[in-house]
Amino acid sequence: MRLTKFFLPTLKDDPVDAVTASHKLMIRAGMIRQLTSGVYSSLPFGLIVFRKVENIIREEMNAIGGNEFLLPAISPAELWAETGRLEDYGDLMFRIKNRELVLCPTHEEVFTSIAKPNLISYKDLPQVWYQIQSKFRNEERPRAGVLRGRQFTMKDAYSFDSSWEALDRSYNDMAKAYRNIFTRCGLDFTVVSAHSGAMGGSDSEEFMVPAGAGEDNIVISEDGSYASNLEVAVSYKEKVDRKNSDLAAEEFHTPDIKTIDELADFTGTKDKSHLAKSRVFVNAGKDGNEYVLTLVCGDDEVNEMKLQNYFGINIRSAHNEELMEITGADAGSIGPVGLKNKNIRIIADLLLEDADELVSGANKNDYHLKNIDLKRDVKGIEYKDLRIVKEGEETSDRKSKIKITRAIEVGHIFKLGTKYAESLGATFLDAEGKENPVIMGSYGIGVERTAASYIEQNNDDKGIIWKGELAPFKVILISLGGKSDEVKNISEELYGQLSNEKKIETLYDDREGVRPGVKFNDADLIGIPVQLIIGEKNLKEGNVEIKKRRTGERFIIRKEDALNKVMELIKD
RNA sequence: CGGAGCGUAGCGUAGCCCGGUAUCGCGCCAGUUUUGGGAACUGGAGGCCGCAGGUUCGAAUCCUGCCGUUCCGACCA
């Protein structure tokens, strides 16, 4: 491609609205432009990269027997009402105003609607179906360029199986394909166990790219044997010890003490594990509200995602006005003993199992209780894993320690089970002639997000650094023309040889009247791996120069050897 | 949704407090010189100062409302 014909609007300065490296660089390198919040146009240079990602995905999906579809981006709202997701997604789904249609945020329903009348016998299964399609989500806060947008390209795949064992096989094939995809994309990634979110389902793994710009926190053990999303992570920690002193619970005055830290200071306690922290949650259900009081050690926090896993996505923190009504006190004086509403479920973290001599709120403003014995004083108490794990804790097997890192989720695979098949009536007849719901898996990859993640991991102060399969061009031929016809002739000759004979994706900076510095800086910014530089100075000696973008290494070589050297270097 | 900020030429900005018809840099166009790491000079084009209303002789500037957008948080896959 000749740069004089290629639309590549590069920017010298960072756009003021961009904060993360990939966002800045994708705009500066002329890959994307924003149309409105969370919505980006793909410019030619960006589109080349996105297509590379798509093609890698396509090849790996086809390799495991995937069938490519292209489904509509709009669908009837009714289809979503049937699975209950019209409500579940709520405002996250774009709705069309003048027709009962929605913009699809994902495609389980639509794929299932095709599966239903066509996958009717166990002989029709298994199937893997996928598409690469624009998705629309009315994100409340889009951020970091294409990392979280309102419109984005997603590869979504679905497996249809006749047994849970077969689903395991489909899932494992997919997991392997995902590893291939992200490896081929040149990403440093890690696979973590995850929460399957609003989609429902059981086993679930996320493909995570460690990067500061990420929105997720992931937990990785130092020995690499454990990896998990912080939302579901567990660790090993000693339980709070039981003292068996059988001291009577006793109320004491704690004026203006609202937080655990204040309580620790007030009581002169250094170890906050016996200062039990209470929080009240409301689980809004069809039959009215269920109230849940959680109890964790004073130095721990409740992991709300774990609560969602136990209670469903509708559980929420109680509002301040509700607290008084439920407990009899305001936040800061709430505890498990003496609650105003007796129909409240009390769930304590596993670390607090049968603990005694605890201090917690007395459900009376400005009072706390000490010597609470959970075994003795709290009837019907349940114990569950509730806490958020912390950096430096031991892994569950006690063989390693955990680290917490920010990461970008580029892919997610999970076993859906029969949720959509059941609600939409997609069944098949098994060998005995019995009707069963199709067992599904669901698998997604964010295309632009994958490219952005690559850039997050591969850039320097000059710009992007491409390598391997994602590189939009393998070589940039920089002609420092000036008045020299010879430079121009040699450049044209080499360009022809590279692009026509060797079939190498070559970008040819054939701009005239552009100073060398501008060309060098543009080349570094857009990050093509190998720069072949033709200038008058070297050419006088019969030489050309080659620079590797990543390392900055330079080679001055005979012009006759240029082609071979380029071919050698692009293999890296 | 809560908090904070921003909106002036393609991009980045000054001016706003204290009202008088918009500053500077980059980029763009023409010309001359230049040509290996974002050139110099000369000349030029380009603006409903986010929108609407109000105050005023007069509004980029003050007031009200709205819209857009960014960041933090909440929410979300």
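Numbers restart at 1 for each chain; the letters A, B, ... are given by sequence-line order, proteins then strands. Keep in mind that this is a model prediction, so the values were computed, not measured.
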[X] [atom1] to [N] [atom2], straight-line distance once rounded to whole Å:
X	N	atom1	atom2	value
A/Lys537	B/rU35	NZ	C1'	12 Å
A/Phe555	B/rG36	CZ	P	23 Å
A/Gln531	B/rG37	CD	C1'	11 Å
A/Lys24	B/rU70	NZ	C1'	13 Å

Using the salt bridge (Lys or Arg N to Asp or Glu O under 4.0 Å) criterion, which residues pair with [X]? Sequence neighbours excluded.
X	value
A/Asp17	none
A/Lys12	none
A/Asp14	A/Lys24, A/Arg28
A/Glu82	none

So which protein nitrogen or oxygen atoms get under 3.5 Å of nucleotides 71-73 of chain B's nitrogens or oxygens?
from: B/rC72; atom 1: OP2; to: A/Arg141; atom 2: NH1; distance (Å): 3.4
from: B/rC72; atom 1: OP2; to: A/Arg141; atom 2: NH2; distance (Å): 2.6

Need one value for [X]: base, sugar-phosphate or nothing, where a base atom within 4.0 Å counts as base even if backbone is also close, heavy atoms only.
X	answer
A/Asp14	nothing
A/Lys135	nothing
A/Arg554	base

State which residues pass side chain to side chain donor-acceptor pair (under 3.5 Å) with [X]; sequence neighbours excluded, sorted by chain then number.
X	value
A/Glu512	A/Lys488
A/Lys462	A/Asn521
A/Asp524	A/Gln531, A/Lys547

Listed pairs, N/O of protein and of nucleotides 39-44 of chain B, under 3.5 Å:
from: B/rA39; atom 1: OP2; to: A/Arg515; atom 2: NE; distance (Å): 3.1
from: B/rA39; atom 1: O4'; to: A/Arg515; atom 2: NE; distance (Å): 3.4
from: B/rA39; atom 1: N9; to: A/Arg515; atom 2: NH1; distance (Å): 3.4

Open item on the list: Could you check, using the six-membered ring where one of them is a Trp, whether A/Phe189 and A/Tyr178 have ring centers closer than 6.0 angstrom?
Closed with: no
Open item on the list: Looking only at the side chain of A/Gln34 (C-beta and beyond, no hydrogens), which of the listed nucleotides B/rU70, B/rU13, B/rG36 gets closest?
Closed with: B/rU70
Output a table of donor-acceptor pairs, distance under 3.5 Å, between side-chain atoms of residues 449-457 of chain A and any protein atom two or more places apart or on a different chain; print 'none' if there are none.
from: A/Arg449; atom 1: NE; to: A/Leu147; atom 2: O; distance (Å): 2.9
from: A/Arg449; atom 1: NH1; to: A/Glu409; atom 2: O; distance (Å): 2.8
from: A/Arg449; atom 1: NH2; to: A/Leu147; atom 2: O; distance (Å): 3.0
from: A/Thr450; atom 1: OG1; to: A/Gly446; atom 2: O; distance (Å): 2.6
from: A/Ser453; atom 1: OG; to: A/Arg449; atom 2: O; distance (Å): 2.7
from: A/Tyr454; atom 1: OH; to: A/Ile465; atom 2: O; distance (Å): 2.8
from: A/Tyr454; atom 1: OH; to: A/Lys467; atom 2: N; distance (Å): 2.9
from: A/Glu456; atom 1: OE2; to: A/Ser22; atom 2: N; distance (Å): 2.9
from: A/Glu456; atom 1: OE2; to: A/Ser22; atom 2: OG; distance (Å): 2.6
from: A/Gln457; atom 1: OE1; to: A/Asp188; atom 2: N; distance (Å): 2.9
from: A/Gln457; atom 1: NE2; to: A/Asp188; atom 2: O; distance (Å): 2.9
from: A/Gln457; atom 1: NE2; to: A/Pro210; atom 2: O; distance (Å): 3.2

Task: Any residue of residues 147-158 of chain A with a heavy atom less than 4.0 Å from an atom of RNA chain B - done: A/Arg148
TODO: Grab the stems for RNA chain B, please: at least three consecutive Watson-Crick or wobble pairs, both distances below 3.5 Å, written as range with range.
DONE: B:1-7 with B:67-73, B:10-12 with B:24-26, B:28-33 with B:39-44, B:50-54 with B:62-66
